[in-house]
Each structure stands twice: as C-alpha cells, then as structure tokens.
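Notes follow the structure.
In the text below, chain A, chain B and the rest are named by the order of the sequence lines, each starting its count at 1.
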Number of protein chains: 2
Amino acid sequence: MESKRPLIGILGGMGPRAGVDLSAKIIAETIAANDQEHLPVVLFSMPDRVPDRTEFLLGKASINPAVELSRQLAGLSELGVTVAGMACNTAHGEPIFGELVKLQEAAAPDIQLLHMIDETVLFIREHHPGVSRVGILATTGTYRIRLYDDLLESADLIPILPGESIAQDLLQAAISNPIWGIKSNSNPVTSRARDVVYEAIENLRDRGAQAVILGCTELPLAVEETTIDDPIMVDPTRVLARALIRHSYPDQLKR
Amino acid sequence: MESKRPLIGILGGMGPRAGVDLSAKIIAETIAANDQEHLPVVLFSMPDRVPDRTEFLLGKASINPAVELSRQLAGLSELGVTVAGMACNTAHGEPIFGELVKLQEAAAPDIQLLHMIDETVLFIREHHPGVSRVGILATTGTYRIRLYDDLLESADLIPILPGESIAQDLLQAAISNPIWGIKSNSNPVTSRARDVVYEAIENLRDRGAQAVILGCTELPLAVEETTIDDPIMVDPTRVLARALIRHSYPDQLKR
C-alpha cells in the first residue's frame with residue numbers, strides 16, 4: 001500500500017486575513033525550486049459559519065465554536081489532510097480547543113492538529129534560549145483568558161503585559177476600531193494604529209521584555225518583525241507555518 | 001428546502017502565490033463590517049499534483065492538466081462550492097480549459113467555472129470603454145498561444161505586444177529567472193526584475209497601449225496597479241476576485 005503523502009489543512013476565516021497570511025507564510029518558509037515543489041495546502045475560510053470566539057470565551061454567547069471547527073476538520077480529513085492548524089489565537093482558548101480535541105476524536109482522528117500557542121512557546125525556548133521575559137501583545141479577550149501567560153509560565157518564562165488596563169484597551173482599539181483599527185484598514189495600516197502598537201512594544205521593552213509575541217493575527221500587518229531588533233518580535237502565525245511544514249515535509253523547512 | 005448558500009472555490013497552486021493572492025483580493029474587494037460578513041472560500045493549493053501548464057501547451061508534456069483540475073473541481077463540488085476560478089493564466093489556454101469544461105460535465109456539473117481571461121476583457125469593455133489598444137505583459141507561453149490576443153480581438157480591442165522578441169524573452173526572465181526573477185524573489189522583488197517590467201510597460205505605452213494587462217499572476221507582485229496612471233494597469237487576478245464576488249454575493253462587491 002502506498003503511504004499517504006502529507007497534506008496540510010488550515011482552518012481559516014477567523015478572521016479571513018489570518019488564514020490567507022498563514023497560507024502565504026507557509027510558502028515563504030518553504031524551500032522549493034519551482035511551483036511543483038511547494039507544499040500541498042487546503043484552506044477553509046468560512047467566516048460566516050464560525051461563531052465569534054471571544055464572545056464565547058467571555059460568556060456572551062453559548063454555542064461553542066469547537067462544534068463548527070470539528071465539522072470543518074472532518075471535511076479536511078475527507079480530503080486527505082494529515083496535519084492542520086488554526087490561524088486564530090482566541091480559538092486556542094482552552095474552552096474551545098479542549099472541546100475541539102474531544103470532538104475531533106470522532107470527527108477526524110487521523111489529523112494531527114497543532115496548537116499555535118504551544119508551538120510559539122516552544123519556538124522561543126528553542127530559538128531564543130537566552131530570553132526569560134516575554135511580552136504579550138493581544139486582544140482584551142486573549143489577556144482575559146491568560147492564553148499565553150499560563151503556557152509561558154509552564155515553560156519557566158515570565159509573561160509581561162502592557163502596563164495599565166488603559167494600554168490594553170488602546171491596543172484593542174488599534175486592532176478593532178471600525179474607523180482606524182487594523183481589521184478595517186490593513187493595507188495600509190493607519191499611522192494611528194501603528195503608533196499605538198509601537199508604543200505598546202516600547203512599553204513592554206521598558207518593563208523588561210526581551211521578546212514580544214504578536215499575539216493577535218492582525219498585529220503582524222502593523223509590525224514587520226524584521227524591522228525591530230530589540231525586543232525580538234515573535235509572530236505566532238509564522239511559527240505555526242513553520243510547525244506545519246516541520247510536521248509534513250521537514251526537509252523543506254527553511255533554516 | 002433551504003436554498004444553497006453560495007461558496008467560492010479556488011483552484012490554486014499554479015503557482016501557489018497566485019492562489020493566495022486571489023484569496024487576499026477577494027477579501028480586499030468585499031464589503032464587510034466584521035469577520036463574519038466576509039465571504040466563504042475554499043482554496044485548493046496542491047502544486048505537486050498539477051502538471052506544468054506551459055509544458056503541455058507547448059507539446060513538451062502529454063498529460064493534460066485538465067484531468068487533475070477536474071478532479072479538484074469534483075472535490076470542491078462535494079464541499080458545496082457553487083462558483084470557482086483558477087488563479088493561473090496559462091490554465092485558461094483552450095487545450096486545457098476546453099478539456100476541463102468537458103470533464104467538468106461529469107465531475108462537477110453544479111459548479112459555475114469562471115474564465116479569468118473572458119472576465120478581464122469584459123472588465124476593460126465595461127470599466128474603460130474609451131480604451132481600444134490594450135497591451136499585454138505575459139509569459140512566452142501565453143504569447144505563443146495568443147491567450148489574450150484572440151479574446152481581445154473578438155471584443156473589437158487591439159492587442160499590443162512588446163516590440164521585439166528580445167523584449168518578450170527579457171520579460172520571461174524577469175518572471176522566472178532562478179536568481180533574480182519574481183518567482184524566486186517576490187518579497188521584495190529585485191530591482192532588476194522591476195526595471196524590466198517597467199521598461200516593458202513603457203514600451204507598450206510607446207506603441208500606443210492605453211491599458212496594460214498584467215497577464216501573468218507574478219506581475220502584480222512587481223507592479224502596484226495604483227502607482228501607474230498611464231497606461232491603465234489591469235490585474236486579471238483582481239478582476240477574477242471581483243467576478244467571483246459578483247457571481248456569489250453581488251451586494252458585497254466594492255464599487
């Protein structure tokens with residue numbers, strides 16, 4: 001019997017740009033001499049079907065997005081997907097991810113579902129062993145559920161948050177304000193949103209952060225990781241792209 | 001019975017960046033107040049499975065890529081896709097597209113498969129009615145099979161090609177040279193590749209082109225359509241994105 005060729009699946013649409021960005025980063029992180037050598041990927045981007053993750057985590061909505069996500073995993077499984085990732089921070093909150101793993105046992109047991117937050121913490125440990133204090137830029141929902149905080153602490157890393165609650169609110173506005181936020185204006189990002197993000201990074205550095213996690217998939221649109229040296233910028237979407245390659249075609253992962 | 005909600009399918013992977021670019025342009029051309037209002041899209045990007053289109057059209061390979069593409073259409077159909085497009089110019093060459101339409105009758109009769117080149121000609125007629133002379137930037141294969149030329153002429157438009165065969169070869173190199181071409185270096189594009197593309201545009205303008213079709217999915221990576229006013233830049237990927245929206249959720253198509 002022929003052994004199954006790996007196929008990468010992406011649960012996107014949360015928001016839609018994040019899934020597309022993850023797809024682009026898989027291409028960017030792959031060693032390929034021509035089109036045909038690039039890796040096979042299926043992207044599901046059905047934002048209309050996936051309920052708001054933050055609303056559910058904050059108790060404002062009762063339907064767990066895990067139900068729809070497990071249905072989509074089943075669809076990916078039928079197509080032959082072997083490894084999958086979700087381009088969304090909030091969907092990794094334990095009430096969603098934990099339920100999804102349970103539902104997946106029946107729906108799509110053959111798919112290896114990666115955990116973007118675990119992979120990000122692992123990445124920092126492996127690639128930046130000198131870092132102990134890690135800043136977190138994120139949405140209010142992600143701060144509230146301590147999505148990164150707990151996993152960083154489990155890995156003996158110290159999570160650093162922006163100083164005051166007002167700073168967190170401002171950051172949330174920079175992401176989601178309908179007039180000037182990144183979700184509404186991503187190409188180009190408004191200078192107002194960009195300024196807030198850069199100030200928040202400055203704030204985290206002042207508080208001792210040696211690395212900063214861009215813990216919302218909109219943030220890399222405002223910050224080119226490569227333009228800031230100190231602190232080190234860590235983009236979980238790029239980390240997940242690399243993890244998906246490592247779990248499918250490890251020989252084609254760029255150094 | 002519930003009427004079926006439209007679902008957009010993309011046959012990507014030809015090359016992989018083109019499929020991702022089409023996905024991004026669907027988002028950019030959609031009116032949506034939040035994540036949930038963005039349109040549902042499934043992207044198949046399996047570059048390893050689709051044989052080289054140019055090789056087939058030039059008689060250097062015997063397996064018609066239409067066979068694999070019709071299989072992928074069948075897969076999209078099972079997922080509920082109602083309208084689909086291909087992010088690849090060469091795949092619209094008649095020996096491929098014509099065969100695909102035939103195979104589709106059995107494989108995925110319910111999907112409306114759009115034709116990017118038809119849509120591009122239609123777009124020029126509708127949005128730029130004053131234009132009669134249309135320049136074409138493309139790969140050697142696309143020039144050879146007169147992919148755009150014939151359809152432009154059928155619409156009473158005059159196709160303009162870069163002056164000499166040397167210019168066409170240079171343009172091909174700007175796209176596919178392994179050292180400095182756009183396929184190998186897209187972020188950022190090398191200044192050498194960019195210079196060739198801009199010179200070719202200049203050349204077409206000198207020959208009377210009032211509009212220029214960026215007839216290879218790599219070209220928009222080197223040319224921001226909005227940075228050149230004269231001639232008018234036409235990006236078939238963006239045109240196809242808009243056509244996919246118009247055929248699924250017309251009320252959400254940006255002006």
Notebook entry, point to check: How long is the span from the CG atom in A:Asn34 to the CG atom in B:Asp52, to the nearest 0.5 Å?
Noted result: 8.5 Å

Check: Could you give the distance from CG (A:Leu43) to CD1 (B:Ile10), rounded to the nearest 0.5 Å?
Finding: 8.0 Å

Checklist line | Pairwise side-chain contact, B:Leu79 with A:Glu78, heavy-atom cut-off 4.5 Å (strictly under) | finding: no

Next item on the list: For the residue pair B:Met46 and A:Leu39, establish whether any side-chain heavy-atom pair is separated by less than 4.5 Å.
Entry: no

Return yes when atom [atom1] of [X] has more than 12 non-hydrogen atoms of other residues, nucleotides or ligands closer than 6.0 Å, and no otherwise.
X: B:Lys60; atom1: NZ; value: no
X: A:Leu58; atom1: CG; value: yes
X: B:Ile63; atom1: CD1; value: no

Notebook entry, point to check: Among B:Pro47, B:Pro178, B:Pro51, which has the most heavy-atom pairs under 4.5 Å with chain A?
Noted result: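 Counting heavy-atom pairs under 4.5 Å, the top option is B:Pro47.
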
Next item on the list: For each of B:Gly12, B:Gly13, B:Ser45, B:Ala33, tally heavy-atom pairs with chain A at distances under 4.5 Å, and name the one with the top tally.
Entry: B:Ser45

Next item on the list: Report yes or no: does A:Gln36 contribute a side-chain atom to a donor-acceptor pair with the main-chain N or O of B:Arg49 at less than 3.5 Å?
Entry: no

Note to self: For a side-chain contact (heavy atoms from CB on, under 4.5 Å) check, start with the C-alpha distance between B:Ile27 and A:Val20, then their side-chain angles and the critical distance, and finish with the verdict.
What the structure shows: CA-CA 9 Å; B:Ile27 297 170; A:Val20 171; 3.8 Å; yes

Check: Can you say whether B:Asp21 sits under 4.5 Å from chain A via the side chain, the backbone, both, or neither, judging by heavy atoms?
Finding: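 B:Asp21 has no heavy atom closer than 4.5 Å to chain A.
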
Notebook entry, point to check: Under a 4.5 Å heavy-atom cut-off, does chain A meet the side chain of B:Pro16, its backbone, both or neither?
Noted result: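 Answer is both: backbone and side chain atoms of B:Pro16 are under 4.5 Å from chain A.
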
Item checked: Cationic N near anionic O, under 4.0 Å, B:Asp48 to A:Arg5 ->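 Looking at B:Asp48 and A:Arg5, the cut-off is met.
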
